[in-house]
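Residue numbers start from 1 in every chain, and the chains themselves are labelled A, B, ... in the order their sequence lines are given, proteins ahead of strands.
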Amino acid sequence: MQDKKALQEEKLKQEEKYMWAIVDGVKEKVGNFRVEPPGLFRGRGEHPKLGKLKRRIRPSDVTINIGKDAPIPECPIPGESWKEVRHDNMVTWLAFWNDPINQKLFKYVFLSPSSSLKGQSDKEKYEKARMLKDYIGNIRAAYTKDFTSKDGAKRQIAVATYLIDKLALRAGNEKEDDEADTVGCCTLKVENVQAIAPNSLEFNFLGKDSIRYENTVEVEVPVYKAIIQFQAGKRGNDDLFDKLDTSKLNAHLKELMPGLTAKVFRTYNASITLDNILNKETREGDVSEKLVVYQHANKEVAIICNHQRTVSKSHDAQMSKLMEKIGGLQGTLKELKTDLDRVRKGKPPLEDANGKRKRNLTPEALEKKIANTTEKIEKMEADMRTKEDLKTVALGTSKTNYLDPRITVAWCKRHEVPLEKIFNKFLLEKFAWAMDVDFDFRF
DNA sequence: GCCAAGACTTGGAATAATATTG
DNA sequence: CAATATTATTCCAAGTCTTGGC
């Protein structure tokens with residue numbers, strides 16, 4: 001125990017010198033500055049490179065990027081030295097090396113999400129998503145019109161944009177053969193979509209991280225017809241959108257709004273959904289009731305974005321344990337009620353399970369106990385429902401990446417909910433830029 | 001237009017730390 | 001106080017999108 005603590009402090013001391021960077025005169029926290037240890041590549045889903053050896057990264061693999069006059073960070077391994085030291089102020093990375101599994105890819109050291117640099121670009125991301133509010137009406141009108149365009153490419157762009165908007169699908173870049181076989185909107189295959197009369201579409205595909213997207217939705221009739229037409233004469237494995245890729249799609253989107261790309265729709269839809277639900281469903285009441293509303297809104301967003309998690313191994317055990325506890329409480333509740341009846345009739349309380357005599361309690365005291373127990377049961381039942389409800393839903397990703405923090409901060413200010421009930425330490429730091437938002441901010 | 005390189009954002013699981021409970 | 005449950009942190013990717021060369 002003592003050893004562990006000492007070891008941890010030792011490690012911290014060792015690493016301290018790599019944890020900070022001076023950027024434009026300001027001390028900022030550095031993000032992930034450790035290289036990964038050697039090991040076997042796992043990857044996610046059915047990855048062709050599964051099990052490949054991931055070699056050790058040495059200082060001679062690492063390129064450093066610092067100011068011209070900045071002191072070069074000490075190389076942590078005596079006798080070795082950095083591959084290169086650059087002075088590029090057009091990029092934000094502090095160091096990079098080639099990914100040992102795929103030499104074409106890079107691993108970067110960036111500033112921490114809590115840094116002002118990242119905070120600024122985070123804010124810009126949400127401002128862009130908010131800008132989409134002013135354009136979305138026209139954009140929707142335009143793609144609706146193009147559902148029936150004579151131009152096949154136009155029709156595909158229109159339908160793809162519709163899916164990205166309505167279903168929050170990812171753009172879907174092309175992938176190499178040595179990567180897991182997953183798709184996004186532009187890379188959907190014919191077999192990933194089933195038309196179900198009269199106008200529904202059943203989606204089933206593996207998306208990012210090989211997470212399955214399964215959803216059946218009613219769509220506008222022209223979309224339904226267009227999909228059937230895109231599928232006509234093709235095999236299951238053929239591209240649904242054969243005249244489309246992400247660069248064409250994004251080029252088109254940029255004509256509709258400056259800076260617009262496919263991912264902006266995810267941010268926009270996530271944030272506006274949170275804002276809408278919070279403002280529709282929040283009632284006067286205590287903090288815990290308001291938190292339930294927030295969690296519900298958060299869950300809706302996670303479902304839209306298909307943020308899933310695997311059910312924890314101990315989920316069932318935890319549930320039955322809760323059941324057991326509730327059962328026990330219901331037993332004592334029944335006993336209390338019996339005793340209350342008896343006491344009111346001037347009889348002594350029943351003996352307990354062990355045959356022992358119980359203390360004589362006044363009816364008032366018994367009533368109070370009954371109320372307490374009932375409340376406890378209700379709370380546990382609510383907890384259980386929430387637990388079951390959220391067992392496959394991951395709430396964290398949307399909080400970190402998709403929900404404009406100013407929505408949450410302003411809502412907390414309006415409804416006197418302590419922000420710490422919703423944002424943990426990491427999020428409070430990451431969203432420092434959003435803290436002074438006005439209480440009446442709306443996305 | 002297309003492709004590859006490069007840079008930056010988004011992602012769930014595993015693990016560690018902490019809180020809760022019996 | 002030990003066993004468990006919960007939460008925070010770390011880990012290790014896997015996406016998106018831009019740019020620059022042809």
Side-chain angles (χ1 to χ4, degrees), chain A residues 1 4-5 8 31-37 39-45 47 49-50 54 63 65 88 90-96 98-113 117-118 121-122 124-125 164 169-176 179-187 206-211 245-251 253-254 259-267 270 302 305-315 317-319 321-322 324-325 328 383 387 392-403 420 423-430:
Chain A
M1 202 59 214
K4 211 169 160 187
K5 203 158 195 175
Q8 206 172 33
N32 238 17
F33 52 84
R34 297 184 192 88
V35 297
E36 289 162 25
L40 296 180
F41 177 76
R42 176 58 189 86
R44 304 205 248 269
H47 199 115
K49 297 199 173 185
L50 171 72
K54 196 167 60 168
T63 299
N65 187 33
D88 184 350
M90 297 305 286
V91 294
T92 70
W93 56 266
L94 308 175
F96 88 90
N98 288 92
D99 179 352
I101 291 298
N102 188 344
Q103 283 294 318
K104 288 208 248 336
L105 303 180
F106 310 94
K107 298 282 196 180
Y108 294 91
V109 172
F110 292 111
L111 287 177
S112 151
L117 187 81
K118 292 288 191 187
S121 73
D122 211 26
E124 284 164 9
K125 173 181 80 181
I164 282 168
L169 300 189
R170 295 185 185 82
N173 285 299
E174 304 289 338
K175 297 193 73 180
E176 306 289 318
E179 298 178 286
D181 193 11
T182 64
V183 301
C185 184
C186 292
T187 42
L206 295 181
K208 180 175 179 180
D209 294 313
S210 293
I211 302 282
D245 61 36
T246 53
S247 68
K248 284 176 190 147
L249 178 69
N250 282 333
L253 294 177
K254 279 200 168 46
L260 185 61
T261 62
K263 79 196 262 288
V264 180
F265 285 89
R266 268 169 85 78
T267 312
C305 294
N306 199 38
H307 292 146
Q308 298 188 29
R309 58 173 181 169
T310 54
V311 179
S312 94
K313 224 169 79 182
S314 57
H315 176 83
Q318 286 173 22
M319 287 300 274
K321 198 165 267 178
L322 275 173
E324 223 170 88
K325 274 189 198 168
D383 285 352
K387 201 186 184 75
T392 62
V393 185
L395 300 183
T397 304
S398 51
K399 256 189 193 173
T400 307
N401 299 303
Y402 287 104
L403 299 172
E420 306 75 52
F423 288 167
N424 60 26
K425 193 177 126 233
F426 165 77
L427 292 172
L428 287 170
E429 283 174 17
K430 167 166 177 165

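For C:dA13, the OP1/OP2 oxygens have a side-chain nitrogen or oxygen of A:Lys54 closer than 4.0 Å. OP1 or OP2 of B:dT9 sits under 4.0 Å from a side-chain N or O of A:Ser121. Taking side-chain N and O atoms only, A:Thr261 has a distance below 4.0 Å to OP1 or OP2 of C:dC17. OP1 and OP2 of C:dA14 both lie 4.0 Å or more from every side-chain N or O belonging to A:Arg42. Between A:Tyr108 and B:dG6 there is no side-chain N or O to OP1 or OP2 distance below 4.0 Å. The phosphate of C:dG15 has OP1 or OP2 within less than 4.0 Å of a side-chain N or O from A:Lys175. Dashed line: the shortest gap from a side-chain N or O of A:Lys254 to OP1 or OP2 of C:dT18 is under 4.0 Å. Close to C:dT16, at under 4.0 Å from its OP1 or OP2, lies a side-chain N or O of A:Asn173. Distances shorter than 4.0 Å separate none of the side-chain N or O atoms of A:Lys208 from OP1 or OP2 on B:dT9.
Among C:dC12, B:dT9, B:dC8, the nucleotide with an atom closest to any side-chain atom of A:Trp93 is B:dC8. In the set B:dA13, B:dG12, B:dC8, the nucleotide with an atom closest to the side chain of A:His307 is B:dG12. With C:dG15, C:dA14, C:dC17 as the candidates, the nucleotide lying closest to the side chain of A:Arg44 is C:dA14. In the set C:dG15, B:dG11, B:dT10, the nucleotide with an atom closest to the side chain of A:Thr182 is C:dG15. When the nucleotides B:dA7, C:dC17, B:dG12 are ranked by their closest atom to the side chain of A:Ala394, B:dG12 comes out on top. Distance from the side chain of A:Phe110 is smallest for B:dC8 among the nucleotides C:dC17, C:dA13, B:dC8. Distance from the side chain of A:Gln318 is smallest to C:dA5 among C:dA5, B:dG6, C:dT18.
Computed from coordinates, the A:Asn102 CG to C:dA13 P distance equals 12 Å when rounded to whole Å. Remark: C1' of B:dA7 and CG of A:Asn65 are 12 Å apart, rounded to the nearest angstrom. Atom CD1 of A:Ile164 and atom C1' of C:dC17 are 13 Å apart (whole Å). Distance OH (A:Tyr402) to P (C:dG15): 12 Å, rounded to an integer number of Å. Look at CG on A:Leu322: it is 11 Å from P on B:dT21, rounded to the nearest Å. Rounding to whole angstrom units, CZ of residue A:Arg34 and C1' of B:dT15 are separated by 13 Å. Look at CD on A:Glu420: it is 16 Å from C1' on C:dA8, rounded to the nearest Å. Going from atom CD of A:Glu176 over to atom C1' of B:dA4 covers 9 Å, rounded to whole Å.
Residue contacts for A:Phe41: at a heavy-atom cut-off of 4.0 Å it reaches the sugar-phosphate backbone alone, with no base atom in range. Among the atoms of the strands shown, only primed sugar atoms or phosphate atoms (P, OP1, OP2) are found under 4.0 Å from some heavy atom of A:Thr92. Nucleic acid contact for A:Gly172: sugar-phosphate only, since backbone atoms but no base atoms lie under 4.0 Å from a heavy atom of the residue. A:Lys399 comes within contact range of no nucleotide atom at all, as no heavy-atom separation falls under 4.0 Å. Among the protein residues, A:Lys387 comes within range of the sugar-phosphate backbone only, with heavy atoms under 4.0 Å from sugar or phosphate atoms but none that close to a base. Heavy atoms of A:Asn250 sit under 4.0 angstrom from primed sugar atoms or phosphate atoms, though from no base atom. A:Ser247 comes within 4.0 angstrom of nothing in the nucleic acid, heavy atoms only. Across all strands, A:Glu179 comes closer than 4.0 Å to no nucleic acid atom at all (heavy-atom distances). Within 4.0 Å of A:Arg170, counting heavy atoms only, lie sugar-phosphate atoms of the nucleic acid but no base atom. Using a 4.0 Å heavy-atom distance criterion, A:His47 is classed as a sugar-phosphate-only contact. Within the nucleic acid shown, A:Lys49 has no heavy atom closer than 4.0 Å to any nucleic acid atom. Among the protein residues, A:Pro37 comes within range of the sugar-phosphate backbone only, with heavy atoms under 4.0 Å from sugar or phosphate atoms but none that close to a base. In this structure, A:Thr310 reaches the sugar-phosphate backbone alone: every heavy-atom distance under 4.0 Å involves primed, P, OP1 or OP2 atoms, never a base. Among the protein residues, A:Gly207 comes within range of the sugar-phosphate backbone only, with heavy atoms under 4.0 Å from sugar or phosphate atoms but none that close to a base.
Between the A:Lys175 side chain and the A:Asp181 main chain, no donor and acceptor come within less than 3.5 Å of each other. Panel note: side chain A:Arg309, backbone A:Val393; a donor-acceptor pair is recorded below 3.5 Å. Although no hydrogens or angles enter the test, the distance criterion places no donor-acceptor pair under 3.5 Å between the side chain of A:Lys49 and the main chain of A:Phe41. Within the 3.5 Å criterion, the main-chain N or O of A:Cys186 finds no donor-acceptor partner in the side chain of A:Asp245.
Taking the nucleotide of DNA chain B with the nearest heavy atom to each of A:Asp245 and A:Asp88, the more 5' of the two is matched to A:Asp245. For the pair A:Asp99 and A:Gly184, both in contact range of DNA chain C, the more 5′-proximal nearest nucleotide belongs to A:Asp99. Each of A:Lys248 and A:Asn98 lies near DNA chain B, and the nucleotide nearest A:Lys248 is the one positioned closer to the 5' end. A residue-by-residue look at A:Ala317 and A:Ser210 shows that A:Ala317 has its nearest nucleotide of DNA chain C further toward the 5' end.
The line from CG of A:Asp99 to CG of A:Leu105 is 5.5 Å long, rounded to the nearest 0.5 Å.
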Go through the steps to decide whether A:Lys430 and A:Thr400 satisfy the test side-chain hydrogen bond (donor to acceptor under 3.5 Å, both in side chains), and finish with yes or no. CA-CA 9 Å; A:Lys430 167 166 177 165; A:Thr400 307; 5.9 Å; no
Between A:Asn306 and A:Ile211, is a side-chain contact (heavy atoms from CB on, under 4.5 Å) present by the stated rule, with each step listed? CA-CA 8 Å; A:Asn306 199 38; A:Ile211 302 282; 3.9 Å; yes
May I have the step-by-step check of side-chain contact (heavy atoms from CB on, under 4.5 Å) for A:Lys254 and A:Thr261, ending in yes or no? CA-CA 7 Å; A:Lys254 279 200 168 46; A:Thr261 62; 3.1 Å; yes
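At a cut-off of 3.5 angstrom, the base of B:dT10 holds no donor-acceptor pair with the side chain of A:Lys263.
Between A:Tyr108 and A:Phe106, the ring planes lie tilted relative to each other; the angle falls in the 30° to 60° range.
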